[in-house]
Amino acid sequence: MSKEITTREADYSQWYNDLVIKGELADHSSVRGCMVIKPYGYALWENMRDQLDKMFKATGHVNAYFPLFVPKSLFEAEEKNAEGFAKECAVVTHYRLKNDPNNKGKLIVDPEAKLEEELVIRPTSEAIIWNTYKGWIQSYRDLPLLINQWANVVRWEMRTRLFLRTAEFLWQEGHTAHATKEEAIEETTKMLDVYAEFVEHYMAVPVIKGVKTPNERFAGAEDTYCIEALMQDGKALQAGTSHFLGQNFAKAFDVQFLNKENKKEFVWATSWGVSTRLIGALIMAHSDDQGLIMPPRIAPLQVVIVPIYKGEESKPIIDDKVALLTRDLKALGISVKYDNSENARPGWKFAEYELKGVPVRVAMGLRDIENNVVELARRDTKEKSTVSFEGLALHILQLLEEIQQQIFNKALAFRNENIREANTWDEFVEILDAKAGFVSAHWDGTSETEDKIKEQTKATIRCIPLDNKQENGKCILTGNPSTQRVLFARAY
RNA sequence: CGGGAUGUAGCGUAGCCCGGUUAUCGCGCCUGGUUUGGGACCAGGAGGUCGCAAGUUCGAAUCUUGCCAUCCCGACCA
């Protein structure tokens with residue numbers, strides 16, 4: 001029983017790590033801050049990626065691929081962006097190794113092979129992409145340009161955590177160019193909606209759509225929109241961002257187009273991204289002390305069938321019956337695995353698939369076959385039921401849908417219970433310390449106040465919700481007048 | 001990068017303070033058999049540069065120094 005996992009209560013961080021590693025999503029690698037995404041974890045990412053990709057294409061985007069390396073001179077062109085990422089850039093300075101004359105069998109960097117210009121490994125691709133767009137855009141007829149890329153990026157983080165913050169991570173980044181400000185803003189919010197739809201509908205994680213304060217804004221953006229999710233320990237997690245970049249990058253890279261009046265204008269830009277971090281959100285939003293809980297719509301495996309053999313002669317009987325079910329499930333587009341491996345007994349398999357979060361488990365033995373039933377177990381509630389073999393595949397299809405809903409509803413209820421209003425500083429601090437979650441409070445709108453609150457409580461303004469109601473109040477810290485509440489939380 | 005902890009077989013560990021035969025135990029793994037409705041049992045077997053590198057010593061898992069990695073708490077961040 002080396003697979004026991006730490007409980008959330010005992011050590012939330014350890015619980016999270018146990019799920020990632022023992023659930024076989026990912027592992028630490030021998031590269032500092034970088035993880036190996038294992039087949040089960042990668043299958044999850046593929047499902048997420050495929051769904052997002054469909055949604056991007058449905059909204060008119062196409063995929064392309066830009067280089068991993070960004071020449072330093074391009075990288076520094078948009079000053080705010082460069083400054084924001086400068087501290088966490090890996091930089092390639094040489095292009096060759098050679099044998100170490102003083103140490104046989106070892107290699108050293110060849111000092112003769114220094115690059116004329118250093119190459120920054122992209123922490124994000126605005127620079128290289130806008131440098132490219134300059135050559136692609138001349139006329140208003142070239143706009144809008146709606147491009148996405150699936151890529152890896154590197155951010156040299158001080159402290160890393162599996163999926164939540166790794167030095168290298170996988171993501172997608174959309175980079176669009178528009179003729180008007182209005183159209184660019186519309187694109188920004190449209191993609192935010194796509195993200196919210198994906199995260200809620202497929203990952204079953206409820207999110208709050210909002211806009212960031214200047215302090216939390218993406219370096220080089222005019223406005224950063226975000227979706228914020230709440231984890232079971234009461235900490236918030238930024239699940240995706242969509243930036244309105246104004247004309248900052250167009251000006252930095254001199255990307256202009258001729259409008260219908262034959263006048264030159266700078267184009268308007270957006271960028272938006274979600275990453276493998278979403279997997280961290282998925283884990284922390286749903287899972288329990290028995291392991292992962294995968295939402296059926298993106299689960300790497302939706303159904304597992306475990307045979308309960310009784311003697312050698314029972315095997316072909318059960319195998320044959322299972323084959324019928326497997327065929328029916330596949331016909332409905334349900335992913336299914338028949339685990340008839342002999343090296344583990346049923347109890348072990350039950351525990352294993354619970355750890356991995358497979359939504360539905362089917363157990364079938366001779367006893368069931370005699371009664372023309374199976375035992376169904378759902379991962380989210382751990383309820384078991386005995387169900388007729390007739391119409392079973394359809395029944396499972398419905399059950400998967402029900403589980404998807406149930407997981408979302410549970411996470412939504414938790415999230416909603418954990419948004420609390422604070423009207424005094426004491427109340428604010430007490431909620432953060434005793435209950436965590438989101439705290440909805442008035443803020444005077446200044447960066448100074450935001451900084452002070454962060455300093456004193458570690459809480460940041462996660463966002464100003466898009467559907468915020470306007471109400472007069474007094475800033476929680478300074479008592480200065482405020483026109484709306486904003487959402488504070490401690491965050492990942 | 002600052003503070004704290006850890007690193008012994010695939011995993012979890014004993015031994016380290018006080019250096020001394022062949023490095024302990026459990027799980028897992030392999031072979032054979034019996035099994036299978038919630039993490040099976042019996043018998044036999046394989047598996048170790050004690051994180052890496054130097055140093056002290058007749059002798060280092062154990063002492064010293066440096067490095068690497070991981071975890072926790074800060075700063076930074078998607």
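Each chain gets a letter, A, B and so on, in the order the sequences are listed, and its residues count up from 1.
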Cut-off 3.5 Å, no hydrogens considered: what does the side-chain donor-acceptor table look like for residues 37-47 of chain A, sequence neighbours left out?
from  : atom 1 : to     : atom 2 : distance (Å)
A:Y40 : OH     : A:K356 : O      : 2.6
A:N47 : ND2    : A:I298 : O      : 3.1
A:N47 : ND2    : A:A299 : O      : 3.2

SB check A:K435 A:E430 (cutoff 4.0 Å):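 A:E430 and A:K435: not salt-bridged.
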Basic-acidic side-chain contact under 4.0 Å: A:K57, A:D53: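 Judged by the 4.0 Å cut-off on N to carboxylate O distance, A:K57 and A:D53 do form a salt bridge.
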Sugar-phosphate, base or nothing in reach of A:F169, heavy atoms under 4.0 Å: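 If one applies the 4.0 Å heavy-atom cut-off, A:F169 turns out to touch a base.
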Sugar-phosphate, base or nothing in reach of A:E157, heavy atoms under 4.0 Å: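 A:E157: base contact, heavy atoms under 4.0 Å.
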A:F56: ring-ring contact (aromatic ring centres under 6.0 Å, His included) partners, not counting sequence neighbours: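 With sequence neighbours excluded, A:F56 shows a ring-ring contact (aromatic ring centres under 6.0 Å, His included) to A:W272, given in chain and number order.
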Partner residues of A:Y353 under the ring-ring contact (aromatic ring centres under 6.0 Å, His included) criterion, sequence neighbours left out: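 A:Y353: no ring-ring contact (aromatic ring centres under 6.0 Å, His included) contacts found.
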Contact nearer the 5' end of RNA chain B, comparing A:A344 with A:E216: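 Upstream on the strand: A:A344.
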5'-most by nearest nucleotide on RNA chain B - A:F350 or A:S275: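 Result of the comparison: A:F350.
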Atom pairs and distances, donor-acceptor, side-chain atoms in residues 77-94 of chain A, under 3.5 Å, two or more places apart:
from  : atom 1 : to     : atom 2 : distance (Å)
A:E78 : OE1    : A:K80  : N      : 3.2
A:E78 : OE1    : A:N81  : N      : 2.8
A:N81 : ND2    : A:A219 : O      : 2.9

Plane angle bin for A:W130 and A:Y133 - parallel if under 30°, tilted between 30 and 60°, otherwise perpendicular: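 Judged by the thresholds at 30° and 60°, the geometry between A:Y133 and A:W130 is perpendicular.
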Round to a whole Å and report the spacing from [atom1] of [X] to [atom2] of [N].
| X | N | atom1 | atom2 | value |
| --- | --- | --- | --- | --- |
| A:M158 | B:G3 | CE | P | 14 Å |
| A:K349 | B:G28 | NZ | P | 15 Å |
| A:R367 | B:G37 | CZ | C1' | 5 Å |
| A:E352 | B:U36 | CD | P | 22 Å |
| A:Y309 | B:U34 | OH | P | 17 Å |
| A:E88 | B:C76 | CD | C1' | 7 Å |
| A:L355 | B:G38 | CG | P | 19 Å |
| A:D289 | B:G39 | CG | P | 19 Å |

Check against salt bridge (Lys or Arg N to Asp or Glu O under 4.0 Å), A:K382 and A:D288: CA-CA 11 Å; A:K382 297 204 210 65; A:D288 63 20; 3.5 Å; yes
State which residues pass side chain to side chain contact (heavy atoms under 4.5 Å, CB included) with [X]; sequence neighbours excluded, sorted by chain then number.
| X | result |
| --- | --- |
| A:T241 | A:T224, A:C226, A:Q238, A:H243 |
| A:N17 | A:Q14, A:L162 |
| A:T213 | A:N215, A:E216, A:W443, A:E450, A:I461, A:I464 |

Interatomic distance at [atom1], [N] relative to [M], whole Å:
| N | M | atom1 | result |
| --- | --- | --- | --- |
| B:G2 | B:U49 | C1' | 33 Å |
| B:G51 | B:A61 | P | 10 Å |
| B:A46 | B:C52 | P | 24 Å |
| B:G4 | B:A75 | C1' | 16 Å |
| B:A43 | B:G66 | C1' | 49 Å |
| B:C68 | B:U57 | P | 27 Å |
| B:C16 | B:G74 | C1' | 31 Å |
| B:U13 | B:C71 | P | 15 Å |

Dot-bracket pairing map - RNA chain B, Watson-Crick plus G-U, both contacts under 3.5 Å, | cross-strand: ((((((((.[[[..)....(....]]].((((((.....)))))).....[[[[[..)....]]]]])))))))....
Check against ring-ring contact (aromatic ring centres under 6.0 Å, His included), A:F488 and A:F428: CA-CA 9 Å; A:F488 288 88; A:F428 182 78; 5.0 Å; yes
Under-3.5 Å donor-acceptor pair between [X] side chain and [N] base:
| X | N | answer |
| --- | --- | --- |
| A:K315 | B:U36 | yes |
| A:E375 | B:G38 | no |
| A:K384 | B:G38 | yes |

Minimum-distance nucleotide (side-chain atoms of A:I308 versus B:U36, B:C76, B:G38):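 Given the options B:U36, B:C76, B:G38, the side chain of A:I308 is closest to B:U36.
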Nearest listed nucleotide, side chain of A:A363, among B:G37, B:C76, B:G39: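 Shortest atom-to-atom distance from the side chain points to B:G37.
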Under-4.0 Å side-chain N/O to phosphate OP1/OP2 contact, A:R345 with B:U36: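 False: A:R345 side-chain N/O out of range (4.0 Å or more) of B:U36 OP1/OP2.
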Stretch residues 449-459 of chain A: residues that reach within less than 4.0 Å of RNA chain B through a heavy atom: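 A:K454, A:K458 - these, ordered by number, are the residues of the stretch whose heavy atoms sit under 4.0 Å from the strand.
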All pairs passing ring-ring contact (aromatic ring centres under 6.0 Å, His included) where residues 13-39 of chain A contributes a residue, at least two apart: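 Non-adjacent pairs meeting ring-ring contact (aromatic ring centres under 6.0 Å, His included): A:Y12-A:W15.
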Can you name the atoms? Protein N/O to nucleotides 70-72 of chain B N/O, anything below 3.5 Å, with the distance.
from  : atom 1 : to    : atom 2 : distance (Å)
B:U70 : OP1    : A:G33 : N      : 3.3
B:U70 : O3'    : A:H28 : NE2    : 3.4
B:C71 : OP1    : A:H28 : NE2    : 3.4
B:C72 : OP1    : A:S13 : OG     : 3.4

All pairs passing salt bridge (charged side-chain N to carboxylate O under 4.0 Å, His left out) where residues 292-316 of chain A contributes a residue, at least two apart: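 Applying salt bridge (charged side-chain N to carboxylate O under 4.0 Å, His left out) to every pair that reaches into residues 292-316 of chain A, excluding sequence neighbours, yields A:R297-A:E401, A:E312-A:K315, A:K315-A:E342.
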